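Here's the structure, in structure tokens; my notes come after.
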Amino acid sequence: MIQYSLRFPEYLDGYEVETEAKGYLVDVKVSTEKATFDLTIYDPVRLAQEISDEVSVGGYFAMANVLVVPAVTRAEVSRAVEDLARVGFCGLNPQLAK
């Protein structure tokens with residue numbers, strides 16, 4: 001398994017319940033020795049709404065580094081990221097160098 005660090009956005013502190021209710025979270029970062037991944041987290045219901053809205057307005061939906069979990073909680077995100085580490089973060093695109 002690849003060693004990594006998982007960082008949640010600072011604004012999440014104290015707003016976990018509201019975030020879970022909204023069904024999405026942005027600015028989650030996973031860093032390894034070789035790469036950093038910026039993740040957007042959704043629950044399945046919110047993702048379906050987001051896709052429908054984007055397709056209705058713009059005719060398509062595209063988003064990199066989306067992670068879908070049963071509920072947008074620290075525990076679920078941490079579990080999913082741990083599973084991704086076991087497969088080398090396959091399917092995620094690293095942050096581009098600036």
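Source: prediction; values computed, not measured. Numbers for residues simply follow the sequence, beginning at 1.
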* Is Leu84 linked to Ile2 within one hydrophobic cluster, defined over Ile, Leu, Val, Met, Phe, Trp and Tyr using a side-chain heavy-atom separation of less than 4.5 Å? -> yes
* Going by heavy atoms in the side chains, are Val66 and Tyr42 under 4.5 Å from each other? -> yes
* Is there a side-chain contact between Glu20 and Leu25 (heavy atoms, below 4.5 Å)? -> no
* Asked: Is there side-chain contact between Ser31 and Gln95, with at least one heavy-atom pair below 4.5 Å?
  -> no
* Asked: So does Glu82 pair up with Arg86, basic N to acidic O under 4.0 Å?
  -> yes
* **Residue list, side-chain contact (heavy atoms from CB on, under 4.5 Å) with Ala48, at least two apart or on another chain** => none
* Can you list the steps and then say if Val77 with Phe8 is a side chain to side chain contact (heavy atoms under 4.5 Å, CB included)? -> CA-CA 10 Å; Val77 172; Phe8 290 92; 3.8 Å; yes
* Going from OH on Tyr15 to NZ on Lys22, what distance comes out if it is rounded to the nearest 0.5 angstrom? -> 9.5 Å
* Do Asn65 and Thr40 touch side chain to side chain, with heavy atoms closer than 4.5 Å? -> no
* **Within residues 1-12 or reaching into it, pairs that qualify as salt bridge (charged side-chain N to carboxylate O under 4.0 Å, His left out) - sequence neighbours excluded** => none
* Is the shortest heavy-atom distance from the side chain of Ile51 to the side chain of Tyr60 under 4.5 Å? -> no
* Structure fact -> For Asn93 and Ala64, the nearest pair of non-hydrogen atoms, with its separation, is ND2-CB, 3.7 Å
* Calculate, to the nearest 0.5 Å, the distance between atoms CZ and CD1 belonging to Arg74 and Ile41 respectively. => 12.0 Å
* Does the side chain of Tyr4 reach to within under 4.5 Å of the side chain of Phe37, using non-hydrogen atoms? -> no
* Beyond-backbone contact of Val81 with Phe89, side-chain heavy atoms, under 4.5 angstrom -> yes
* All pairs passing salt bridge (charged side-chain N to carboxylate O under 4.0 Å, His left out) where residues 37-56 contributes a residue, at least two apart -> Lys29-Asp38
* To do: Compare every heavy atom of Pro70 with every heavy atom of Arg79, then report the nearest pair and how far apart it is.
  => NH2-CD, 3.7 Å
* Please tell me if the side chains of Leu39 and Val30 come closer than 4.5 Å, counting only heavy atoms from C-beta onward. => yes
* Glu16 side chain to Gly14 main-chain N or O, any donor-acceptor pair under 3.5 Å? -> yes
